[in-house]
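Worksheet: the structure to be examined is printed underneath.
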Amino acid sequence: MASLRDIKIRIKSVKSTQKITKAMEMVAASKMKRAQSQALKGRPYLKKLTEIIAHLLYLQNPQLKHKLMERRDKVKNVGYIFMTSNRGLCGSFNSSIIRKMLEILAEKNHTKEIVISVGRKGRQAMDRVGKNILADFETMSDKPSFVDTLGISKIIKDDFLSGKLDEVYVVYNHFYSTMTQKPEVVKLLPLEIDKDVLEGLHESDYIFEQDKEVILDQLMDRYLDTMVYQKVLESVASEHSARMMSMRQASDNAQEIVSHLTLHYNKARQAKITKEILEVVAGS
Amino acid sequence: MFKLTIVTAEQAVYDGDIEMLVAPTPDGEIGIMTNHHPLVTKLGPGAIRVVKTDKSEETLFTSGGFLEVNKNKVILLADVVEDIEKIQAEEAVEARKKAQEKMKMTTNEVEREKLDQEIRMLMMRERLAQISQFSKKK
């Protein structure tokens, strides 16, 4: 059995680790709150935007087409926006999304995959498997603003229109709740506008102040920007939630170890006292 | 009376029943009142004026966006919205000067086109901030 002093030192070190994980849990919790509300606040804008676009696309006569919706017959180059975090200590947040990405890369379906990484962990994982990266957005902050994400959507838009990319997907952790976040792959380009949002909307005889094509063009641009922004927000909210949960787990584990060690310590102390009394009694 | 919703990609700005809305379009201004015909338009940089049901007014600055009117439901999708009273005139001047400095350094045609738009937007912002400050002094 370890000596009393050894046990005492261990208890102390576990306790100080617990203090750190507790502090990290608090920090992650406050960041999580902000990121979650930011992710939720963005949703109405996207919904309204989709409604207006769907209106223009499906209820107009003749139907409008847009170049960002063009489906290519031969899909050769596929782009993936790969969202991870910059820092670790967030449970399975990064490992599960990296596994998903590697699965996609391992599939052999005669296409060339091109990766755009957001977050340091993802870039490092791509470096390890020797995959080239088209662009890297490591400096995305904890509190991304709309303007911060415009660079990402600009790259995919330009490359899609110039034919360098035929399809673009985003690989990210979708935020469901504080407890659950799931890795997901969502198609960004060519854009697909859901017809479902039209339910409840009715055809009306719109006045268009500008050319329909001009309005649609700008709406589509904005739609793509907003999609990318929304995915970044989801990923950030998931990251902080995952970190908070794993830090809470770590604090709980530390607490368990401390109580276990304290029991040991008390047992050892009792044994020592008993031994000393026996020695005194035997000596007299 | 009709329902107005102003949202940006980052937050919901306004949601409620109002009497009249005046919004800036690229070709001028457009006023919306109850039972307006369905309409879709782009918005230019400028002031959004909201007249509420109790006749009080609120003025906001927007850099641009879209407006949809349908059956007494008005949706305003804005890129950026700021409360005019909260814009500092000095800061607005600074921002405009900075953009103009950048303009002098840039030679790329596409970049210049974008900067030109940004400067026009910032000039509008500056002017509105000054007007708001001036009217407050009185």
Side-chain angles (χ1 to χ4, degrees), chain A residues 34 37-57 59-60 64 143-150 153-154 158 200-233, chain B residues 3-16 21-32 35-46 62-82 95 99 108 110-111 113-114 117-118 121-122:
Chain A
R34 200 179 54 207
S37 84
Q38 215 184 348
L40 296 179
K41 270 184 195 160
R43 284 182 188 170
Y45 182 86
L46 191 61
K47 191 169 159 258
K48 300 283 181 199
L49 195 58
T50 321
E51 277 175 19
I52 299 184
I53 294 176
H55 228 133
L56 268 171
L57 282 176
L59 294 182
Q60 286 304 312
L64 293 169
K143 200 182 155 193
S145 72
F146 189 59
V147 181
D148 291 339
T149 64
L150 288 181
S153 42
K154 185 172 165 18
D158 290 352
L201 296 181
H202 20 88
E203 201 161 349
S204 23
D205 179 20
Y206 274 95
I207 305 174
F208 291 92
E209 282 278 303
Q210 293 84 21
D211 254 3
K212 282 176 198 166
E213 282 80 11
V214 176
I215 294 183
L216 183 67
D217 202 37
Q218 299 210 348
L219 281 169
M220 286 304 221
D221 263 14
R222 201 28 54 109
Y223 181 74
L224 183 63
D225 295 342
T226 314
M227 283 290 272
V228 173
Y229 175 62
Q230 194 62 33
K231 297 303 173 205
V232 171
L233 290 185
Chain B
K3 192 171 155 28
L4 170 72
T5 317
I6 303 179
V7 283
T8 70
E10 294 175 339
Q11 59 179 326
V13 183
Y14 192 93
D15 196 6
L21 168 77
V22 180
T25 67
D27 320 307
E29 276 190 324
I30 188 164
I32 311 284
N35 296 327
H36 195 284
H37 193 87
L39 165 127
V40 173
T41 181
K42 245 170 77 181
L43 296 180
T62 181
S63 61
F66 303 95
L67 177 75
E68 190 204 45
V69 183
N70 192 5
K71 306 235 151 80
N72 281 332
K73 260 194 214 144
V74 177
I75 303 167
L76 201 159
L77 299 172
D79 297 343
V80 175
V81 171
E82 277 180 285
N108 184 331
V110 186
E111 284 294 310
E113 179 69 29
K114 260 191 207 156
Q117 273 182 18
E118 194 183 320
M121 186 271 280
L122 287 170

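Here is the naming used below: chain letters follow the sequence lines, and residue numbers restart at 1 for every chain. Predicted model, so just to flag it, every value in this text is computed and none were measured.
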**OP:** Flag the pair A:Glu209 / B:Lys42 as yes when at least one side-chain heavy-atom distance between them is below 4.5 Å, and no otherwise.
**Re:** no
**OP:** Against chain B, label A:Phe146 side chain, backbone, both or neither, depending on which of its atoms sit under 4.5 Å from a heavy atom there.
**Re:** both
**OP:** Side chain from CB out, backbone as N, CA, C, O: work out which of these in B:Ile75 comes under 4.5 Å of a heavy atom of chain A, or both, or neither.
**Re:** side chain
Original post:
Quick one: do A:Arg222 and B:Asp79 make a salt bridge, cutoff under 4.0 Å?
Top reply: yes
Original post:
If you count heavy-atom pairs under 4.5 Å between each of B:Leu39, B:Asp27, B:Val7, B:Thr5 and chain A, which one has the most?
Top reply: B:Leu39
Original post:
If you tally heavy-atom pairs under 4.5 Å against chain B, which of A:Gln218, A:Gln230, A:Arg43, A:Gln38 wins?
Top reply: A:Gln218
Subject >> Backbone N/O of B:Val80 and side chain of B:Thr62: donor-acceptor pair under 3.5 Å >> reply: yes
Original post:
Is it the side chain or the backbone of B:Leu67 that comes within 4.5 Å of chain A heavy atoms, both, or neither?
Top reply: neither
Original post:
If you count heavy-atom pairs under 4.5 Å with chain B, which of A:Leu219, A:Asp225, A:Leu40, A:Thr226 comes out on top?
Top reply: A:Leu219
Original post:
With a 4.5 Å limit on heavy-atom distance, are the side chains of B:Gln117 and B:Met121 in contact?
Top reply: no
**OP:** Could you tell me whether the side chains of A:Gln210 and B:Thr41 share a donor-acceptor contact shorter than 3.5 Å?
**Re:** yes
Subject >> A:Ser145, part contacting chain B, at a heavy-atom distance under 4.5 Å >> reply: both
**OP:** Give the C-alpha distance, both sets of side-chain angles, the deciding distance and a yes or no for salt bridge (Lys or Arg N to Asp or Glu O under 4.0 Å) between B:Asp15 and B:Lys3.
**Re:** CA-CA 7 Å; B:Asp15 196 6; B:Lys3 192 171 155 28; 2.8 Å; yes
Original post:
Quick one: what part of A:Leu46 sits under 4.5 Å from any heavy atom of chain B, side chain, backbone, both or neither?
Top reply: neither
Original post:
So do B:Val13 and B:Leu76 actually touch side chain to side chain, heavy atoms under 4.5 Å?
Top reply: no
**OP:** With a 4.5 angstrom heavy-atom cut-off, could you sort out which part of B:Val69 is near chain A: side chain, backbone, both or neither?
**Re:** backbone
